[in-house]
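Proteins come first, then strands; the chains are lettered A, B, ... in the order of their sequence lines, and each starts at number 1.
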Amino acid sequence: MTNDIPQHRYDARLANEIEARWQDRWDAERTFWAPNPTGLLSEGAERASGRDPVFVLDMFPYPSGAGLHVGHPLGYIGTDVYARYQRMNGKNVLHAMGYDAFGLPAEQYAVQTGQHPRITTEANIATMRRQLRALGLGHDSRRGPATTDPAYYRWTQWIFLQIFNSWYDFEADRARPIVELVPILAADPEVGWEDLDAHARRELVDSFRLAYLSEAPVNWCPALGTVLSNEEVTADGRSERGNFPVYRRPLKQWMMRITAYADRLLADLDLLDWTESIKLMQRNWIGRSTGASVDFAVVGHDDVISVFTTRPDTLFGATYMVLAPEHPLVDVLVPGEWPGATLGEELSDIPAAWKGIFGAEVGPAAAVRRYREFAAGKSDLERQSEGKDKTGVFTGAFAINPVNDERIPVFIADYVLMGYGTGAIMAVPAHDQRDFEFAREFALPITCVIQPTDVWMLEHRCDLDPGEWPEAYGGDGVGMNSANADVSLDGRHVADAKVAITDWLTTNQLGESTINYKLRDWLFSRQRYWGEPFPIVYDEFDMPRAVPESMLPVELPEIIDFEPEIVEDSAASVPAPPLSRAEAWTTVDLDLGDGEGTKTYRRELNTMPQWAGSCWYYLRYLDPTNEDQFVSPDAEQYWMGDGPGGIDLYVGGVEHAVLHLLYARFWHKMLFDLGHVSTPEPFQRLFNQGMIQAPAFTDERGIYVEATTVVERDGAFFAGDEPVRREFGKIGKSLKNMVTPDDIFRDYGADSLRLYEMSMGPLDASRPWSTRDIVGVFRFLQRLWRNVIDEDTGALCITEAPADDETRRILHHTIAGMREDMPTMGFNTAVSKLITLNNHVTQVSARDGGASRDVIEPMVLMLAPLAPHIAEELWSRLGHAETITYEDFPVADPGWLTVDEVEYPVQVNGKVRGKVTVATDADQAVVEAAARADV
RNA sequence: GCGAGCGUGGCGGAACGGCAUACGCGCCGGGUUUAGGACCCGGUCCUUUCGGGGAUGAGGGUUCGACUCCCUCCGCUCGCACCA
């Protein structure tokens with residue numbers, strides 16, 4: 001059988017054999033253990049001295065039961081290539097992988113099977129570890145905690161207690177321990193500390209904590225049986241997970257005071273090497289805007305309506321006010337009857353439309369109630385289709401515009417949101433498009449107070465009468481109709497007028513300059529089983545008390561039924577945490593060490609959201625086995641303590657642009673304020689890898705058919721004989737287009753998969769998966785193998801003679817190019833450069849009967865970060881005993897980068913008209929000749 | 001609606017303002033082979049009277065020279081979306 005595949009060809013079988021062998025050897029030799037300077041993980045520290053620390057981090061995965069598909073490891077391979085490259089440049093590289101293992105899917109699976117989530121979670125982690133190991137990822141296996149490990153969440157709870165026991169000192173602009181607050185409160189005469197009893201004092205102190213209980217309206221999702229953070233609710237009021245209705249209702253829940261950090265979270269983005277688009281998403285989410293608060297007195301009431309506006313300069317043009325339907329003042333303001341004839345002349349007849357959309361024959365209380373029901377009951381679909389159509393109802397109340405004492409009606413309308421600003425606005429229809437539309441709908445007066453530009457009036461074919469305008473004028477201009485006895489904005493430009501009116505408001509105690517944020521405090525509790533228990537108990541006054549650090553972790557109790565209480569789908573339903581079923585656990589006898597001795601306390605039954613564990617996992621990687629501290633200062637400073645952000649490279653999906661990345665920055669800053677970490681930011685350089693999409697196929701009914709059954713014939717696609725339509729989408733079970741790494745390992749080996757994923761395009765771009773294309777990089781590895789190893793005998797087939805000059809030139813250009821591409825994650829072009837070099841070497845080898853060791857060895861070294869197994873194997877067969885991992889990456893010799901001869905394209909009027917080849921040292925002569933030439 | 005990004009062969013994609021289409025897939029031809037290809041060699045943007053000419057979404061501009069910089073438009077993707 002001489003025609004069989006040669007015995008020593010690099011095929012899938014050989015690749016698999018090589019890969020398994022080297023993975024075992026890396027484990028046995030602890031190749032990727034990164035030594036800490038001191039402590040439990042300091043083995044090998046002397047070897048690492050003189051090596052700079054580099055911390056490379058992936059966004060750690062949720063251990064799903066489905067295992068990996070080929071889209072998952074894209075970023076992991078990228079970081080591994082980068083990490084291996086850094087090792088070959090003399091760095092001490094920390095690269096590890098943990099698991100974000102709390103969360104809904106494990107819990108739901110447990111519900112279905114009756115198996116404890118811990119069992120399924122551990123099984124899933126084992127599967128993922130196997131798959132990641134098979135990719136040849138060089139992780140330090142000691143440093144991969146799961147957030148569900150009690151030894152891990154003990155410290156999550158510890159960090160929670162740090163937050164609970166802190167307050168924000170706005171003067172110092174940082175968090176401080178709560179014990180430092182008491183003397184400050186006691187010294188403040190306005191507080192009246194001496195007059196407060198112990199209970200009142202504790203209530204006051206609790207109100208300052210960075211983690212606090214609040215009964216504010218929260219996002220309640222009955223279908224999921226839990227409350228959700230703002231970040232987990234979509235714009236149309238549904239749950240991000242499952243797309244179920246979400247209701248705003250007041251519930252007593254844990255909050256984190258992230259708003260205290262809004263400015264720093266915003267400002268410190270400037271310190272980071274992140275893409276502008278991600279920074280922008282965070283800026284938009286924080287939503288800082290400057291303006292003024294203005295207080296409007298209400299006719300016949302002591303209450304004032306406080307509003308936030310970015311346009312205080314238009315205050316004279318405020319002709320009505322609007323409260324959000326849920327605004328607490330509404331109930332107070334609504335009179336028993338419509339004001340009717342008691343109104344001023346121009347308002348003596350209330351237009352029927354003001355009394356609500358359900359007919360005029362009801363009083364204001366009923367009209368308001370009906371409108372509130374209408375607004376609350378709007379489905380997302382209705383909201384979408386209504387678009388910007390303005391609805392609302394008159395409350396029957398009037399406010400006084402403080403600048404001109406005009407009486408203006410107060411409406412409620414759902415275009416004003418309770419969640420932003422004060423939940424109330426002054427409406428300036430002439431200069432705000434939404435107010436303009438509402439005023440038109442309800443026949444409200446429109447007063448122009450900023451003179452539009454001539455161009456604008458020309459374009460809109462109108463003059464200064466806003467009654468004729470097609471839309472509001474929102475641009476710059478000078479003030480008009482804006483003067484009272486005290487202050488005049490007439491003739492002043494917008495910016496100038498803002499300052500003038502804000503000063504006037506401040507002087508008269510009617511308002512002040514204000515900064516407002518879209519960012520809300522972070523709702524931090526969930527009604528779930530599979531999450532971190534809070535280290536909190538409640539005393540006989542129902543007040544929260546911290547569980548002492550010495551009693552951590554507060555472990556999850558065993559229960560049989562994990563199912564969240566799925567309650568009736570309505571806003572009125574109440575959440576019921578699953579932990580309430582652990583009856584023996586819900587109360588506990590404790591001595592909190594506060595001198596009160598052992599008492600019975602009631603436990604907090606909510607659990608933390610999944611984000612909690614991911615807020616600080618990178619810190620635990622640094623010192624995962626430390627039982628005394630969440631991380632030792634030595635380890636923290638060694639790996640993180642350089643630059644404003646500690647982590648040298650953080651790679652993950654763009655879907656975490658706000659949620660995880662904002663929460664983690666927030667926690668890191670608190671830990672920084674409290675002296676537990678040494679950098680103000682965690683992630684110095686952020687890189688978002690793209691998403692791999694795969695073809696999916698639908699039949700005529702639009703149903704997905706298993707992608708593996710589809711064949712291509714003449715450019716069309718068929719499942720059996722039935723024609724199907726191709727689209728590209730997220731890889732997974734739902735589109736029936738799953739491609740697993742295991743399939744690719746079997747057919748090509750891990751090195752080919754790595755190389756393919758790195759070569760298919762820029763790492764930050766999304767691109768379609770194409771299994772067919774893998775053969776390209778596979779052939780490259782085969783050719784490269786063949787340039788070193790005789791396929792028939794398995795012997796080395798290189799020569800010891802020096803390489804020719806042209807080969808050297810190409811080699812050194814390749815080295816220089818690789819050294820540009822690797823640090824910038826330009827792996828696709830790095831691979832193409834290696835292929836180009838190898839193609840040349842293949843030709844030379846055929847011509848000369850073997851390629852020179854001079855070029856083969858650097859080529860294998862350059863391949864090592866990308867395809868480490870085959871590189872190790874060839875390196876070893878080339879006669880090296882040690883792993884290639886810590887060999888030096890080749891350095892280009894500048895002497896070979898300059899060329900002796902250069903081909904000049906000769907252009908005439910920008911068109912290439914010919915080429916000439918001249919000696920490089922004639923360069924100057926060419927330039928001079930060109931200068932002399934009369935073109 | 002607002003904001004950001006992107007448009008290059010049949011496909012994935014290369015290209016400091018200086019030879020457009022590197023590298024790979026696919027396809028075509030040839031070799032080796034009983035055969036097969038995950039082997040080897042060569043070819044593969046359009047057009048051509050074989051001298052050339054034309055192509056980077058469309059149109060304009062800057063420049064000796066534009067895929068690259070500027071303007072307008074078209075298309076796609078992503079984010080936010082009544083944020084006062």
Side-chain angles (χ1 to χ4, degrees), chain A residues 2-3 5-6 9-12 234-236 275-285 287-289 291 307-312 314 318 321-322 324 383-384 386-390 413-417 419-428 431-435 437-438 516-519 654-655 657-658 691 712 715 747-748 752 755-756 759-762 764-783 786 791 820 826 828-839 842-843 846 903-915 930 935:
Chain A
T2 51
N3 295 319
I5 291 167
R9 169 163 294 179
Y10 182 80
D11 57 10
T234 59
D236 52 5
T275 60
E276 271 311 306
S277 69
I278 299 284
K279 288 186 181 183
L280 197 62
M281 284 165 73
Q282 294 224 341
R283 287 191 189 111
N284 289 341
W285 190 265
R288 182 185 201 267
S289 50
V307 304
F308 171 76
T309 176
T310 55
R311 295 294 305 273
T314 63
M321 301 191 78
V322 185
R383 242 179 255 177
Q384 300 260 320
E386 281 171 22
K388 286 192 183 322
D389 285 356
K390 294 292 179 289
D414 64 359
Y415 83 91
V416 173
L417 311 171
Y420 183 75
T422 63
I425 61 158
M426 65 176 210
V428 184
H431 305 293
D432 180 283
Q433 185 59 25
R434 296 151 301 172
D435 298 345
E437 287 162 12
F438 190 85
N516 192 60
Y517 300 92
K518 268 160 72 177
L519 184 69
V654 72
E655 66 272 18
V658 279
M691 190 170 57
E712 184 176 356
D747 295 341
Y748 300 98
S752 289
L755 220 40
Y756 171 64
S759 71
M760 58 199 293
D764 53 2
S766 292
R767 48 284 182 53
W769 176 265
S770 173
T771 301
R772 190 173 71 176
D773 290 2
I774 297 172
V775 71
V777 292
F778 183 66
R779 284 172 184 154
F780 157 60
L781 291 180
Q782 272 188 336
R783 283 197 298 270
R786 204 157 39 230
E791 284 190 331
E820 275 183 33
N828 55 327
T829 49
V831 172
S832 86
K833 281 166 186 151
L834 269 184
I835 295 177
T836 306
L837 171 64
N838 186 58
N839 287 350
T842 304
Q843 285 185 348
E903 196 180 47
Y904 274 88
V906 177
Q907 297 181 1
V908 178
N909 292 333
K911 301 285 183 201
V912 180
R913 294 293 167 178
K915 294 168 184 175
V935 181

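- With ring centers used as reference points, A:Trp769 lies under 6.0 Å from A:Tyr756.
- Checking B:C82, B:C40, B:G12 against the side-chain heavy atoms of A:Asp414 singles out B:C82 as nearest.
- Between the CG atom of A:Asp432 and the C1' atom of B:G1 there is a distance of 14 Å, rounded to whole Å.
- Glycosidic conformation at B:G26 (O4'-C1'-N9-C4 for purines, O4'-C1'-N1-C2 for pyrimidines): anti, more than 90° from 0.
- When distances run from any side-chain atom of A:Thr310 to the nucleotides B:A84, B:G26, B:G13, the shortest one goes to B:A84.
- A:Thr829 comes within 4.0 angstrom of sugar-phosphate atoms only, judged by non-hydrogen atoms across all strands, and of no base.
- In terms of polar N and O atoms assigned as donor or acceptor, the side chain of A:Lys390 comes within less than 3.5 Å of the base of B:C82 in a complementary pairing.
- Without hydrogens or angle criteria, A:Gln282 side chain to A:Ala657 main chain gives a donor-acceptor distance under 3.5 Å.
- For the pair A:Arg779 and B:G26, the criterion of a side-chain N or O lying under 4.0 Å from OP1 or OP2 is met.
- Between A:Asn828 and the phosphate of B:C23, there is no side-chain N or O to OP1/OP2 separation shorter than 4.0 Å.
- In this structure, B:U56 forms no base pair with any nucleotide, since neither Watson-Crick nor G-U wobble geometry is met with both distances under 3.5 Å.
- Among the protein residues, A:Asn516 comes within range of no part of the nucleic acid, since none of its heavy atoms lies under 4.0 Å from any strand.
- Judged by distance alone, with hydrogens and angles left aside, the side-chain atoms of A:Asp435 form a donor-acceptor pair with the main-chain N or O of A:Val428 at under 3.5 Å.
- Comparing B:G3, B:A22, B:C82 by their nearest atom to the side chain of A:Ser832 picks out B:A22.
- Across all strands shown, A:Val654 has no heavy atoms under 4.0 Å from either base or sugar-phosphate atoms.
- Closest to the A:Arg767 side chain, of the nucleotides B:G13, B:A84, B:C23, is B:G13.
- With B:A14, B:C23, B:A84 as the candidates, the nucleotide lying closest to the side chain of A:Thr836 is B:C23.
- The side chain of A:Gln843 lies closest to B:G42 when the candidates are B:G42, B:A38, B:A4.
- With both pairing distances under 3.5 Å, B:G1 is matched to B:C80 as a Watson-Crick or G-U wobble pair.
- Taking 4.0 angstrom as the limit, A:Asn839 places a side-chain polar atom (N or O) nearer than this to OP1 or OP2 of B:G24.
- A:Tyr10 has its OH atom 15 Å from the P atom of B:C40, to the nearest Å.
- In this structure, A:Arg783 reaches the sugar-phosphate backbone alone: every heavy-atom distance under 4.0 Å involves primed, P, OP1 or OP2 atoms, never a base.
- If you check every strand for non-hydrogen atoms under 4.0 Å, A:Leu417 touches a base.
- One atom, CG of A:Leu837, and another, C1' of B:G24, lie 16 Å apart when rounded to the nearest Å.
- Of the two residues contacting RNA chain B, namely A:Glu791 and A:Gly776, the nearest-nucleotide position lying further toward the 5' end is that of A:Gly776.
- Where A:Lys518 and A:Ala12 each meet RNA chain B at their nearest nucleotide, the meeting point lying more 5' is that of A:Ala12.
- Taking every side-chain heavy atom of A:Ile835 into account, B:G24 is the closest of B:G24, B:G13, B:A38.
- Regarding the sugar-base torsion, B:G9 falls in the syn class, its angle being within 90° of 0.
- In this structure, CH2 of A:Trp285 is placed 16 Å from C1' of B:G3, rounded to the nearest angstrom.
- Counting only heavy atoms from C-beta outward, the side chains of A:Tyr420 and A:Lys518 approach each other to under 4.5 Å.
- Judged by Watson-Crick or G-U wobble contacts below 3.5 Å, the nucleotide B:A35 has no partner.
- Aromatic ring pairs are classed by plane angle as parallel below 30°, tilted from 30° to 60° and perpendicular above 60°; the pair A:Phe778 and A:Tyr10 is tilted.
- Pair assignment for B:G75: B:C6, on the basis of Watson-Crick or G-U wobble contacts that are both within less than 3.5 Å.
- Although no hydrogens or angles enter the test, the distance criterion places no donor-acceptor pair under 3.5 Å between the side chain of A:Arg9 and the main chain of A:Glu791.
- Using N1 to N3 plus N6-O4 or O6-N4 for Watson-Crick, or N1-O2 and O6-N3 for G-U wobble, each under 3.5 Å, B:G42 pairs with B:C28.
- For the pair A:Lys390 and A:Tyr415, the cation-pi criterion (under 6.0 Å, within 45° of the ring axis) is fulfilled.
- Within 4.0 Å (heavy atoms only), A:Asp747 reaches no atom of the nucleic acid at all.
- Using a 4.0 Å heavy-atom distance criterion, A:Ser770 is classed as making no nucleic acid contact.
- Applying the Watson-Crick and G-U wobble criteria (two distances, each under 3.5 Å), B:C19 pairs with nothing in any strand.
- Look at A:Arg772 and you won't find any side-chain N or O under 4.0 angstrom from OP1 or OP2 of B:C11.
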